[in-house]
Amino acid sequence: MRGEYPRPEFRRERWCSLNGEWGITLGDQTCTIQVPFAYQCAMSGTGVSGAYDAMRYFRTFRVPEEWNGSRIILHFGAVDYRSQVFVNGSLACSHEGGYTPFSADITPYLTGGEEVLEVRVWDPLKDETIPRGKQFWAGDPAFIWYTPSSGIWQSVWLEPLDEAHIEGIRYDSDVDAGLVRIRFNLSEQCPLPCRLRWQIRVKGEEIYEGGFISRERNGEFAVDVFHNRILNGSFHYSGLCWFPESPTLFDVHTELESDGQIRDSVDTYFGMRKIHVSEGKIYLNNHPYFQKLVLDQGYWPDSLVTAPSDEAYREDIRRAKEMGFNGCRKHEKAEDPRFLYWADRMGFLVWESMGSFISYTHQAASAFVREWCGLIERDYSHPCIVVWNVLNESWGIPAVSHDPEQQAFANAMYHLARSLGGNRLVISNDGWEMTETDLVAVHSYRHGERSDAGMQERFSRGLCSVEGLADIMIRKPFAKGYGYKGQPVILSECGGIALAPEGGWGYTSASGAEEFLAEYQRIIRAISRSGMIQGFCYTQFTDVEQEINGLLRPDRTPKVDPEALRQINDQIETML
């Protein structure tokens, strides 16, 4: 029941999962729930119907005896939306935000016996100022909005730490120089000076071992990982760089020594990956690279936003790659770190987003900023993330086309992600009405029904120039006062074809697998012939509830032959 280590990009050996059976009170009902599954889904085991804004979780636990003398840290992967955590009746911490992790040192509240843990959650389902993404706030799922997922939806675990420990490690890869720059920060209680030891391995071979005395709690140093060998860089395609086709990762083991003892050890990793734009193209490790993405909502029929197992994340990536996609645009959801871990390991580009709020207020904007900063902090070192996809289709900023305040917010989010987010591209408002942006990312489902030759021609023609895009979009590409500055153009939502006999909703429809493949090929052919489009994102990976425009059904069975889709996608060369 989701027993894998929750934070694989920053791993310690000693930990204890608190997933599994908890008690929960919803209104006047008290029952058991399987954490980390939201009470609204089948895998939670609650059997409860109805909508509840307030939840009270509770359970007991014992700290392993061998952890005596350590600081005991309680971790939450994500809880939607406001949380208060009590240990043996004392408030240990509070948190706001449904996508970011939080932790508490609970050592002062422990008794040494059976400990009582209580989590009180407030998730007002009808509040349109809360970042909630595709979770519908107005009743039963409808159109493009789905069943909400309230409360604990990622793993809960305990970890013992010495007072002297490593708080965090960040990696910045410099592909051109062949260096990785490593930044670290140590706990406030860490006695100084202390010694840090580093071991870096790639493909089973040790390439660096070294250590130094640190006299500060924050530091930075660089390691030459290419050793000035041309074949290690991306000059001849991959070398030791991270590509979807060859996702090379460097494994790092770090130890903190103080007073002659190893006080902490952490296993992390990084990838040598660069992404930039030039003259209307996207470059991955200095090679023009065409992105073939699939829109991924990250929903499962029995567990909603929480994957039923760790294997489900890996299988989703495997299936997407099998169909010829080299990445995904995560839609209105900041995904579990386990997904990003598998994307790093398996080679899968990720456009990261967070759930949008719907109605603009100053309070909503401030809350969104705080959570985005936390998300960037959490995911900074993942090589798979190549785009911070901040806002979507003017959700939360409905007047951005003309309102200076909302335009300023979109621009602020763009510059915030650029300043904090490492080597990534940033899109302030994906879809239309863009302000400052590194990519012109547009949405169009106006590819025309099979019988509408005029609309088909209009779609193909519209993909050939920036001026033509407005002819196939429901809103203008740029907000008032903004325009094209030579950025690469991505069709970041397209397709949405539903198989009509299966019932439900899609943008257009096909009567069967053969007709679907013909329609899919027509869209991809128009993209490949445009001469302007540098990537696409097909809507969507799976059916979700009433939205049946997925390439897979909700149970991940394919609607059409995956190999046939691959052959169509392969008609566009990845390396341009």
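We use all heavy atoms of the structure for the numbers below, so side chains are in, but hydrogens, waters and symmetry mates are not. Note that the coordinates shown come from a computational prediction; the quantities given were computed from them, not determined experimentally.
A perpendicular orientation is assigned to the rings of Tyr360 and His362, their planes being inclined by more than 60° (bins at 30° and 60°). Ring planes of His75 and Trp157: parallel class, angle under 30° (limits at 30 and 60°). Aromatic ring orientation, Phe76 versus Phe102: parallel (interplanar angle below 30°, classes split at 30° and 60°). Relative orientation of the Trp395 and Trp145 rings is tilted, given thresholds of 30° and 60° on the angle between their planes. Ring pair Tyr445/Tyr507 is parallel by interplanar angle, where below 30° counts as parallel and above 60° as perpendicular.
With 3.5 Å as the limit, one finds a donor-acceptor pair spanning the side chains of Glu547 and Asn549. A donor atom on one side chain and an acceptor atom on the other are not found under 3.5 Å apart for Glu159 and Trp15. A donor-acceptor contact under 3.5 angstrom links the side chains of Asp430 and Ser492, judged on distance only. Side-chain contact annotation: Tyr380 with Arg183, donor-acceptor N/O pair under 3.5 Å present. Using modelled atom types, one finds a donor on one side chain and an acceptor on the other under 3.5 Å when comparing Ser394 with Glu433. A donor and an acceptor atom, one from each side chain of Thr268 and Tyr171, are located under 3.5 Å apart. A side-chain donor-acceptor contact under 3.5 Å links Gln135 and Asp80. Using a 3.5 Å distance cut-off with no hydrogens or angles, the side chains of Ser356 and Glu332 do pair a donor with an acceptor. Side-chain polar atoms of Trp153 and Asp336 form no donor-acceptor pair below 3.5 angstrom. Side-chain atoms of Gln29 and Tyr52 include a donor-acceptor pair closer than 3.5 Å.
Remark: Arg170 engages Glu377 in a salt bridge, criterion side-chain N to carboxylate O under 4.0 Å. Here Arg2 pairs with Glu4 in a salt bridge; the nearest charged N to carboxylate O distance falls below 4.0 Å. With respect to the salt-bridge test (charged N to carboxylate O, under 4.0 angstrom), the residues Glu335 and Lys333 qualify.
Here the closest non-hydrogen pair linking Ala513 and Lys559 is CB-O, 4.1 Å. Across Tyr414 and Ser428, no two heavy atoms sit closer than the pair CB-CB, 3.9 Å. Closest approach of Ala38 and Ser44 over heavy atoms only: O-CB, 3.1 Å. The two residues Trp22 and Tyr57 come nearest to each other via the heavy atoms CE3-CB, 3.6 Å. Closest approach of Gly421 and Ile376 over heavy atoms only: CA-CG2, 3.7 Å. Residues Cys328 and Leu293 approach most closely at N-CD2, 3.8 Å, considering heavy atoms.
A donor-acceptor pair under 3.5 Å links the side-chain atoms of Asp53 to the main chain of Leu125, judged by distance alone. At distances below 3.5 Å, not a single donor-acceptor pair connects side-chain atoms of Thr557 with backbone N or O atoms of Arg553. Although no hydrogens or angles enter the test, the distance criterion places a donor-acceptor pair under 3.5 Å between the side chain of Thr107 and the main chain of Ile72. Checked by atom type and distance alone, the side chain of Thr60 never pairs as donor or acceptor with a backbone atom of Glu115 at under 3.5 Å. Looking only at distances, a side-chain donor or acceptor of Glu545 sits under 3.5 Å from a matching main-chain atom of Thr147. The backbone N or O of Val387 lies less than 3.5 Å from no partner atom in the side chain of Glu352, so there is not a single donor-acceptor pair.
The NE2 atom of His165 sits 10.0 Å away from the CZ atom of Arg71 when rounded to the nearest 0.5 Å. Note that CE of Met43 and CZ of Phe37 are 3.5 Å apart. Values are rounded to the nearest 0.5 Å. Here the SG-CD1 distance, from Cys190 to Ile166, works out to 9.0 Å after rounding to the nearest 0.5 Å. Rounding to the nearest 0.5 Å places CZ of Arg12 at 9.0 Å from CD1 of Ile73. The line from CG of Leu158 to SG of Cys16 is 5.5 Å long, rounded to the nearest 0.5 Å. Interatomic distance, CG of Leu349 versus NZ of Lys292, reported as 11.5 Å (0.5 Å rounding).
Atom CG of Asp555 sits in a crowded spot, with more than 12 heavy atoms from other residues, nucleotides or ligands closer than 6.0 Å. Annotation for Glu188: atom CD does not count as buried by contact number, only 12 or fewer foreign heavy atoms lying within 6.0 Å.
For the pair Leu391 and Phe368, the minimum side-chain heavy-atom distance is below 4.5 Å.
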Step-by-step side chain to side chain donor-acceptor pair (under 3.5 Å) determination, Ser353 to Asn389: CA-CA 5 Å; Ser353 68; Asn389 200 197; 5.3 Å; no
From CA spacing to verdict: side-chain contact (heavy atoms from CB on, under 4.5 Å), Leu295, Tyr538: CA-CA 6 Å; Leu295 194 72; Tyr538 183 83; over 6 Å; no
From CA spacing to verdict: side chain to side chain donor-acceptor pair (under 3.5 Å), Glu163, Ser187: CA-CA 7 Å; Glu163 286 193 346; Ser187 61; over 6 Å; no
Trace of the side-chain contact (heavy atoms from CB on, under 4.5 Å) decision for Ser103 with Leu74: CA-CA 5 Å; Ser103 304; Leu74 174 63; over 6 Å; no
Worked check of side chain to side chain donor-acceptor pair (under 3.5 Å) between Thr435 and Asn429: CA-CA 7 Å; Thr435 56; Asn429 186 28; over 6 Å; no
Pair Ser359-Thr129, side chain to side chain donor-acceptor pair (under 3.5 Å): steps then yes or no: CA-CA 5 Å; Ser359 297; Thr129 66; over 6 Å; no
Step-by-step side-chain contact (heavy atoms from CB on, under 4.5 Å) determination, Asp267 to Asp251: CA-CA 7 Å; Asp267 290 302; Asp251 296 310; over 6 Å; no
Residues Arg56, Phe86; criterion side-chain contact (heavy atoms from CB on, under 4.5 Å); working and verdict: CA-CA 11 Å; Arg56 185 178 74 89; Phe86 296 84; over 6 Å; no
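The aromatic ring centres of Tyr299 and Tyr146 sit less than 6.0 Å apart. The aromatic ring centroids of Trp300 and Tyr313 lie less than 6.0 Å from each other.
For the pairing with Asp296, the salt bridge (Lys or Arg N to Asp or Glu O under 4.0 Å) check across Arg319, Arg556, Lys330, Lys134 returns one residue only, Lys330. A side-chain contact (heavy atoms from CB on, under 4.5 Å) with Leu18 holds for exactly one of Leu117, Ile152, Val35; it is Leu117.
A cation-pi arrangement is not found for Arg273 relative to Trp242, the charged atom failing to lie both closer than 6.0 Å to the ring centre and inside a 45° cone about the ring normal. Annotation: cation-pi pair Arg329/Trp351 absent, no NZ/CZ under 6.0 Å from the ring centroid and within 45° of its normal. Stacking of Arg338 on the aromatic ring of Tyr341 is recorded, both the 6.0 Å distance cut-off and the 45° axial limit being met. For the pair Arg132 and Tyr81, the cation-pi test (distance below 6.0 Å, angle within 45°) is failed.
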